[in-house]
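These numbers come from a predicted model, not from an experiment. Values below: every heavy atom of this structure, side chains too, minus hydrogens, waters and symmetry copies. Lettering follows sequence order; numbering is per chain, from 1.
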Amino acid sequence: MKLSHEELERLVQRSVGGIPDRRAPRSLEGRVFAELQRRASLPWWRKSYAYWPAPARGAFFVASAVFAAVVVAVLFNLIRGTGVSGLAGAVSQRLGWLTLAQSLSNVAWQTGATILRSIPPLWLFGSLGLLAACYATVIGVGATAYRVFVQKAR
Amino acid sequence: MSPAEADFTAFMRAYQDMVFTTAVRLVANDAQAEDISQEVFLKAFEHFAALQGSQTAGGWLKTVATNLSLNHLQRYRKRWRFFSELQRDDAGGGDSESEIEFAAPETFFDGVDAEERRALVERALGTLPDRQRIPLVLYHFEELSYDEIAGKLGVSLAKVKTDILRARAALAKALARSGTSREILNA
């Protein structure tokens, strides 16, 4: 006898309906309480904002507001025409280490570019091609092994 | 143990089987289902003041367990798509159009006790690929509508219907093969 789709739906529903729940593992309760205890023992700054003490939340709010005000003030000055150079000068007076960092990054960039230019293009593209081929081989072998050994085993 | 802990322990004991069952039917893996159940109860603890004594606590827990299981499956699927997406399509009986040949039993489990039924159904569900098992479980166990399932899974309504149709046929075959209903299998 053939079952229509509707009959099959009813048969499956009757077959799976009213099945009792599976018993949860005994370890579940212990795991939940251990995790709750671990979370409770964390210092406040490692918890989410909602769990911070009120003074810390207030201080964070004030700091955020000050930061936002500074950003708005800087943008406002830029738009008003104080000029990027004027602003950069004012900032660099206070943050001299930024100039040093910029010099260092320039040196690193120029050194890298010089090294890259000195490598013959054939070597460069050959190495990149070899790297891509190795990567594709590893992924291909992994995917084949997974499909052959893991999926077939299921 | 503090009174609050005692209350939460009682709450967990009342619902942990339901939460674990919901997760294990969707992910078909005991260890992952236990991780998901743990996450559900950690969330429940955060809302315990509202959930304690609430009539809707069971529904809330079931919804959270379902959503966390689906999130888990989606993360896992994205990570392993390259490795697992090309599995053979006959895994769950892809013959959606043809009708299924069985005798017409009342259920697949004449004379089988409830605990054994549960084990047989779970084993049969475990043989289905994710794309069939998940919508089937959402429809027949979680009692969601086709529309709700399509929304939760982010797929089209037509795909949900097709997958559930194929899943039913595959489940029926798996249950029929399970041995208890050998006598009712016609072909």
Check: Do E34(B) and S27(A) get their side chains close enough for a donor-acceptor pair, meaning under 3.5 Å?
Finding: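 Yes.
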Margin query: If I measure from the heavy atoms of chain A, does M18(B) come under 4.5 Å with its side chain, its backbone, both, or neither?
Written below: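 Backbone plus side chain of M18(B), per the 4.5 Å heavy-atom cut-off to chain A.
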Check: Under a 4.5 Å heavy-atom cut-off, does chain A meet the side chain of D30(B), its backbone, both or neither?
Finding: side chain
Closest approach of [X] and [Y], non-hydrogen atoms and distance?
X       : Y       : result
V32(A)  : L42(B)  : O-CD2, 3.9 Å
P20(A)  : E115(B) : CG-OE1, 3.9 Å
A24(A)  : D17(B)  : N-OD1, 2.8 Å
V121(B) : S15(A)  : CG2-O, 4.4 Å
R117(B) : R14(A)  : NH2-O, 4.1 Å

Cluster link [X] to [Y], ILVMFWY, side chain under 4.5 Å:
X       : Y      : result
L128(B) : V24(B) : no
L138(B) : I36(B) : yes
F20(B)  : Y15(B) : no
V137(B) : V19(B) : yes
Y51(A)  : F60(A) : no

Counting only heavy atoms not in [X], do more than 12 fall under 6.0 Å of its [atom1]?
X       : atom1 : value
K43(B)  : NZ    : no
Y49(A)  : OH    : yes
W123(A) : CH2   : no
F45(B)  : CZ    : no

Which distance, rounded to the nearest 0.5 Å, do you find between the [atom1] of [X] and the [atom2] of [Y]?
X       : Y       : atom1 : atom2 : answer
R118(B) : I19(A)  : CZ    : CD1   : 8.5 Å
Q13(A)  : F141(B) : CD    : CZ    : 8.5 Å
R168(B) : E9(A)   : CZ    : CD    : 4.0 Å

Notebook entry, point to check: Taking R25(B), R13(B), Q38(B) one by one, which has the highest count of heavy-atom pairs under 4.5 Å against chain A?
Noted result: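 Of the candidates given, the most pairs with chain A belong to Q38(B).
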Checklist line | Polar side-chain atom of D21(A) near backbone of T21(B) as donor-acceptor pair, under 3.5 Å | finding: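 Side chain of D21(A) to backbone of T21(B): no pair is present.
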Next item on the list: In sequence, state the C-alpha distance, the side-chain angles, and the governing distance for R39(A) and E46(B), and then conclude on side chain to side chain contact (heavy atoms under 4.5 Å, CB included).
Entry: CA-CA 12 Å; R39(A) 288 186 183 184; E46(B) 289 170 13; 3.9 Å; yes
Check: Tell me, do L36(A) and E5(B) make a side-chain contact under 4.5 Å, heavy atoms counted?
Finding: no
Check: Please walk me through it: do F33(A) and T9(B) pass side chain to side chain contact (heavy atoms under 4.5 Å, CB included)?
Finding: CA-CA 9 Å; F33(A) 278 102; T9(B) 303; 3.2 Å; yes
